[in-house]
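These notes are about the structure you will find just below.
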Amino acid sequence: MTAPVFVVGHFDAGAGGRYVLEGPEGRHAVSVKRLQPGEEVVLTDGAGRYAVCDVIGTEGKDRLIVHMTSVSEEPAESPRVTVVQALPKGDRGELAVETMTETGVDAIVPWQASRCITQWKGDRGLKALTKWRSTAREAGKQSRRFRFPEVADLATSKQVAALLAEADFAAVLHESGDEPLATVELPAEGDIVLVVGPEGGVSPEELALFEEAGAKPYVLGRTVLRTSTAGTAATAVLLARTGRWS
């Protein structure tokens, strides 16, 4: 197995490269993972910087002592893939974020589409957004990523249209599309933005707004996927087609 990943806020090692992982991450490493001297771990800030370390020992139940052997920077991926995700019902939002993160999406934009049953308002909305961001962080660790996807603030349809207008390739998953996403010509670099609608579908008004911004409708295949899985499937198609999985 590859080395487990833990999130840190800094890479300031002491004398001899000695670093102490503490707090919740240290507790997980010591009490849950039960890491032993000689094992390898990776520390990351989730923004591309990471350090390969060897475990020296532990202190108590929440302090892992490691020797930092190297610090590196992982370059940002290109083309960058952003998924605009309409708000699903229940916990399907966290499922979508988790699987898209594991697949390799670079950014996720929660979208309050007109046909969304779920509404992010007030404290409930802030709590839901925090859950999405926490899910992206944990899924990033689980999938051994050094760059976790950015989870933006909740976007309106007009804000989504503005994002689509700036993209090098913009697409909406919609049954009205006459071309499969798997065959369309994609840019080798820049920004790809994909819109995934709610269970009730993208409204005609939203589709017109997005098309005006330069986004064409595309289909994934003959079957209809749930909103919580469509973004993951589409991300996989894009990463394979752009060569990021090669």
Side-chain angles (χ1 to χ4, degrees), residues 1-83 85 91 93-110 123 126-153 231-232 235-236 239 244-246:
M1 286 185 61
T2 55
V5 173
F6 298 93
V7 181
V8 298
H10 67 86
F11 294 85
D12 303 324
R18 187 177 182 272
Y19 188 98
V20 180
L21 179 67
E22 51 191 349
E25 293 289 89
R27 186 175 302 109
H28 185 73
V30 175
S31 301
V32 180
K33 300 293 289 186
R34 298 184 181 278
L35 295 172
Q36 300 298 316
E39 293 189 78
E40 186 177 84
V41 300
V42 176
L43 309 181
T44 183
D45 60 2
R49 200 170 184 216
Y50 66 97
V52 178
C53 310
D54 295 320
V55 176
I56 298 174
T58 62
E59 293 178 355
K61 296 181 179 180
D62 61 358
R63 287 167 61 88
L64 184 75
I65 317 303
V66 301
H67 173 254
M68 192 177 290
T69 59
S70 66
V71 178
S72 305
E73 181 86 18
E74 181 180 73
E77 296 280 9
S78 184
R80 175 181 167 88
V81 176
T82 297
V83 173
Q85 174 67 59
D91 60 359
E94 287 97 90
L95 173 65
V97 172
E98 179 180 55
T99 54
M100 284 193 288
T101 298
E102 292 172 354
T103 304
V105 75
D106 300 296
I108 300 169
V109 179
D123 290 342
L126 292 175
K127 184 178 180 180
L129 179 59
T130 298
K131 277 188 176 181
W132 279 36
R133 288 173 172 164
S134 176
T135 298
R137 169 189 164 111
E138 293 306 310
K141 289 166 54 179
Q142 176 66 34
S143 54
R144 310 298 197 256
R145 289 183 62 167
F146 304 142
R147 286 186 180 273
F148 302 162
E150 301 170 14
V151 179
D153 291 338
T232 300
T235 297
L239 295 184
R244 282 181 48 176
W245 273 6
S246 61

*Measuring from E102:CD to T235:OG1, what's the distance to the nearest 0.5 Å?*
12.0 Å
_L64 and V66: CA distance, side-chain angles, deciding distance, side-chain contact (heavy atoms from CB on, under 4.5 Å) verdict_ = CA-CA 6 Å; L64 184 75; V66 301; 3.8 Å; yes
*Measure the shortest side-chain to side-chain distance between T101 and R145 over non-hydrogen atoms and say whether it is less than 4.5 angstrom.*
yes
*asked:* Treating E98 as the side-chain partner and A139 as the backbone partner, does any N or O pair qualify as donor plus acceptor under 3.5 Å?
replied: no
*Between CD of Q142 and CD of E138, what distance do you get to the nearest 0.5 Å?*
9.0 Å
*Kindly indicate whether the side chain of L239, heavy atoms from C-beta on, has any atom under 4.5 Å from the side chain of V81.*
yes
*Under a 4.5 Å cut-off applied to non-hydrogen side-chain atoms, are R27 and K61 in contact?*
no
*Indicate the atoms forming the closest heavy-atom contact of M68 with C53, along with that distance.*
CA-SG, 3.9 Å
*For R244 and P79, indicate whether the former's side chain and the latter's backbone hold a donor-acceptor pair under 3.5 Å.*
yes
*Do you know the tightest heavy-atom contact between V42 and A3?*
CG2-CB, 4.0 Å
_Gap between atom CD of E73 and atom OG1 of T44 - 0.5 Å precision_ = 9.0 Å
*asked:* Please determine whether side-chain contact (heavy atoms from CB on, under 4.5 Å) holds for the pair V55 and Q36, giving the CA-CA distance in whole Å, both sets of side-chain angles, and the decisive distance to 0.1 Å.
replied: CA-CA 7 Å; V55 176; Q36 300 298 316; over 6 Å; no
_Which residue is it: H28, K141, K33? I am looking for the one with a side chain to side chain contact (heavy atoms under 4.5 Å, CB included) to P4._
K33
_I'd like to check the ring-ring contact (aromatic ring centres under 6.0 Å, His included) partners of F146; sequence neighbours left out, ordered by chain and number._
Y50
*Is a donor on one side and an acceptor on the other found under 3.5 Å between the side chain of E74 and the backbone of S72?*
no
_Using a 3.5 Å distance criterion without hydrogens, assess whether the side chain of R144 forms a donor-acceptor pair with backbone atoms of V5._
no
*Would E77 and R147 count as a salt bridge (Lys or Arg N to Asp or Glu O under 4.0 Å) if you check the C-alpha gap in whole Å, the side-chain angles of each, and the deciding distance to 0.1 Å?*
CA-CA 9 Å; E77 296 280 9; R147 286 186 180 273; over 6 Å; no
*Taking C-beta and beyond as the side chain, do V83 and P149 meet within less than 4.5 Å on heavy atoms?*
no
*Please test Y19 against H67 for side-chain contact (heavy atoms from CB on, under 4.5 Å), starting from the C-alpha separation and ending with a verdict.*
CA-CA 6 Å; Y19 188 98; H67 173 254; over 6 Å; no
_To check you understand the geometry: which heavy-atom pair defines the closest contact between W132 and P110, and what is its length?_
CZ3-CB, 3.6 Å
*Any side-chain heavy atom of R63 within less than 4.5 Å of one from V30?*
no
*At their closest point, which heavy atom of T232 faces which heavy atom of A96, and how far apart are they?*
OG1-O, 4.1 Å
*Under 3.5 Å donor-acceptor, S134 side chain and T130 backbone*: no
*Between V8 and E25, is a side-chain contact (heavy atoms from CB on, under 4.5 Å) present by the stated rule, with each step listed?*
CA-CA 8 Å; V8 298; E25 293 289 89; over 6 Å; no
_Nearest-0.5 Å distance, CD1 of residue I65 to CG of residue L35_ = 12.5 Å
_Please identify which of these residues, V7, D106, D45, meets the side chain to side chain contact (heavy atoms under 4.5 Å, CB included) condition with F148._
V7
_Taking atom CD as the centre, does E40 end up with more than 12 heavy-atom neighbours from other residues, nucleotides or ligands that are less than 6.0 angstrom away?_
yes
*Which heavy atom of A152 sits nearest a heavy atom of L129, and at what distance?*
O-CD1, 3.4 Å
*Side chains of Q85 and M100: closer than 4.5 Å at any heavy-atom pair?*
yes
